[in-house]
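This one's a predicted model, so the numbers in the text were calculated from it and none came from an experiment.
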There are 2 protein chains.
Amino acid sequence: MDCNPNDTDDKILLATITLMTKKGIKATTTRAIAVEAGVNEVTLFRHFGNKAGLMKAAVEKFSNVPSMTKAFKEKITWDLEKDLLAFCEAYHDVLTINQDVIIISFKEVDVLPELEQEIAKIPRQLKILLVEYFNAMQEKGKMISTNTEAQAMNFIWMNFGFFISRARFGDNVTELTSDEMIKNCVQLFARGLTP
Amino acid sequence: MDCNPNDTDDKILLATITLMTKKGIKATTTRAIAVEAGVNEVTLFRHFGNKAGLMKAAVEKFSNVPSMTKAFKEKITWDLEKDLLAFCEAYHDVLTINQDVIIISFKEVDVLPELEQEIAKIPRQLKILLVEYFNAMQEKGKMISTNTEAQAMNFIWMNFGFFISRARFGDNVTELTSDEMIKNCVQLFARGLTP
DNA sequence: AAGTTATGCAAGCAGGTACTTACTTATATA
DNA sequence: TATATAAGTAAGTACCTGCTTGCATAACTT
């Protein structure tokens, strides 16, 4: 993640991820990467063998799929609104850190199926975490009787929809900020799911 | 939209949209389209001039961005749950009909900026419609005081997030059906926004 | 029957792209 | 100072892809 503008490898991988995200793999030429990185084209091949090696290295460098599970369970306060806010912010952070890689995984399902699997771990993990949490809250009598998996997914979908719309359409549809979105999202779920 | 398997134009455009959606514009070759369509490659050029013409024609044929505004205002019952369900189902229909084109617009922002604008009309229209509806409901005392634009966007983002996740990850993350999603989405908003 | 129209087929051209090779230049280290 | 290491330069090869041309064939129209 740390990118030293004097390090050749870093310059190359940054240029690669940037162009991949913008144009897609097929439309990103090794020449264009070399120019963007301010490096000779041969250097790419000397460092990474071939184009596929380059792409792989770039994706690895710029993806960071953490295990949200452990750290989170400790922070739980059993106050629905507070906890949802924490989940929300953490999810947004992960999405933001992995923004480029997520967009690439969307564009290149056909050619990078392993990446899709890797990225799918993010919602899968969060879903498990939320369902466990919702079930516990129900037992405590702090949440209405509802389909916890469906509500967990609704939470994920809402935030993912926001993220991906923002990444593509920008503020073309609405000028709501990320903070306003999170605030209203949490309020909705808290009010909708509290007994 | 109606595709006659005996009509050459239809066969070509169907093959084009299919491959474009799967592989992206750059990776979709005219040779591959010809094979998929069961047609000679020259025929493509005779019918549509060049590759760009082909892509344009395919996108036009398979996109259908309706004006949801008029028809809907008449169907409103001023029962939050019923109306949200109607909005939800209508939105899902529009997304499904335009699925391929939406995926393409995501992949090809760089090369088809006009398409992005066209697709952005869908959420923009729905947002306006929902905000108007929510404001009216508030005046009737049938909705809590809240940021109506934020809640309208939350509704859109949740459904869009569902749609796009389903289109990419399939049931990789959850096996919830579309119907279950809609049901729980509507319940959440109805309970969260009713006074 | 004659002609128009739609399509197939074979070949090829021009430009681009991934990748290679051989040689030179600069920098850092010993 | 001598040597190893990293990078630049120039040229070229093999393949792919969009697109064209010329001709053959079948079907439909008048």
Side-chain angles (χ1 to χ4, degrees), chain A residues 2-62 104 107-108 110-115, chain B residues 2-62 104 107-108 110-115:
Chain A
D2 32 305
C3 254
N4 183 343
N6 291 324
D7 183 86
T8 307
D9 272 23
D10 282 5
K11 284 190 296 183
I12 292 173
L13 293 180
L14 180 61
T16 305
I17 238 333
T18 305
L19 291 177
M20 270 176 91
T21 307
K22 195 177 171 209
K23 312 218 175 207
I25 290 182
K26 190 82 187 195
T28 298
T29 69
T30 51
R31 292 213 224 298
I33 296 174
V35 170
E36 173 89 10
V39 162
N40 194 281
E41 193 183 355
V42 208
T43 306
L44 309 185
F45 295 105
R46 283 200 270 246
H47 282 233
F48 301 97
N50 51 32
K51 189 177 172 181
L54 238 185
M55 302 291 170
K56 195 181 164 203
V59 164
E60 270 170 25
K61 182 173 176 70
F62 291 96
I104 291 171
K107 288 189 177 181
E108 314 289 347
D110 197 54
V111 59
L112 295 177
E114 341 78 51
L115 180 59
Chain B
D2 33 304
C3 253
N4 182 344
N6 291 323
D7 184 86
T8 307
D9 271 24
D10 282 5
K11 283 190 296 183
I12 292 174
L13 293 179
L14 180 62
T16 304
I17 216 57
T18 305
L19 291 177
M20 269 176 92
T21 307
K22 195 177 170 208
K23 312 219 175 206
I25 290 181
K26 190 84 187 192
T28 299
T29 69
T30 50
R31 295 217 218 291
I33 295 173
V35 170
E36 173 89 10
V39 162
N40 195 280
E41 194 182 355
V42 256
T43 306
L44 310 185
F45 296 105
R46 284 199 268 244
H47 282 233
F48 302 97
N50 53 29
K51 189 178 172 181
L54 237 184
M55 302 290 170
K56 197 181 162 202
V59 164
E60 270 171 24
K61 182 173 176 70
F62 291 97
I104 291 170
K107 288 190 176 180
E108 314 289 348
D110 198 54
V111 59
L112 294 177
E114 340 79 50
L115 180 59

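Using modelled atom types, one side-chain atom of T28(B) and one backbone atom of L19(B) make a donor-acceptor pair closer than 3.5 Å. Counting only distance, with no hydrogens or angles, the side chain of T21(A) and the backbone of I17(A) share a donor-acceptor pair below 3.5 Å. Using a distance-only test at 3.5 Å, with no hydrogens or angles considered, no donor-acceptor pair links the side chain of N40(A) to the main chain of T43(A).
If you measure from atom CG of L54(A) to atom C1' of dT17(C), you get 14 Å, rounded to the nearest angstrom. Atom CZ in R31(A) sits roughly 16 Å away from atom C1' in dG8(D) (whole-Å rounding). The interatomic distance linking F45(A) (CZ) with dA7(D) (C1') rounds to 15 Å, in whole Å. One can place CD1 of I25(A) at 15 Å from C1' of dT17(C), the figure rounded to the nearest angstrom. If you measure from atom CD1 of I33(A) to atom C1' of dT17(C), you get 12 Å, rounded to the nearest angstrom. E41(A) has its CD atom 15 Å from the P atom of dT21(C), to the nearest Å. Separating the NZ atom of K23(A) from the P atom of dT17(C) is a distance of 10 Å, rounded to the nearest angstrom. Separating the CG atom of N50(B) from the P atom of dG15(C) is a distance of 17 Å, rounded to the nearest angstrom.
Residue T8(A) places at least one side-chain N or O closer than 4.0 Å to OP1 or OP2 of dA7(D). Distances shorter than 4.0 Å separate none of the side-chain N or O atoms of H47(A) from OP1 or OP2 on dA6(D). At the phosphate of dG8(D), OP1 or OP2 sits under 4.0 Å from a side-chain N or O atom of T43(A). Side-chain nitrogen and oxygen atoms of T30(B) include at least one within less than 4.0 Å of the OP1 or OP2 phosphate oxygen of dG18(D).
Positionally, the nearest nucleotide of DNA chain C for K11(B) lies more toward the 5' end than for the other of K26(B) and K11(B). Along DNA chain D, the nucleotide nearest A27(B) and the nucleotide nearest D7(A) are compared for position; the residue whose nucleotide lies closer to the 5' end is D7(A).
The residues K61(A) and D10(A) are annotated as salt-bridged, a charged nitrogen and a carboxylate oxygen being separated by less than 4.0 angstrom.
In this structure, V42(A) reaches the bases: a heavy-atom distance under 4.0 Å links it to at least one base atom across the strands shown.
Considering only the side chain of R46(A), dA22(C) comes nearest among dG8(C), dA22(C), dT17(D). Side-chain proximity of T29(A) to the nucleotides dC19(D), dA18(C), dG8(C) is greatest for dA18(C). Residue V39(B) has its side chain nearest to dG8(C) when only dT17(C), dC19(D), dG8(C) are considered.
Atom OG1 in T16(B) sits 9.0 Å away from atom CD in E36(B) (nearest 0.5 Å).
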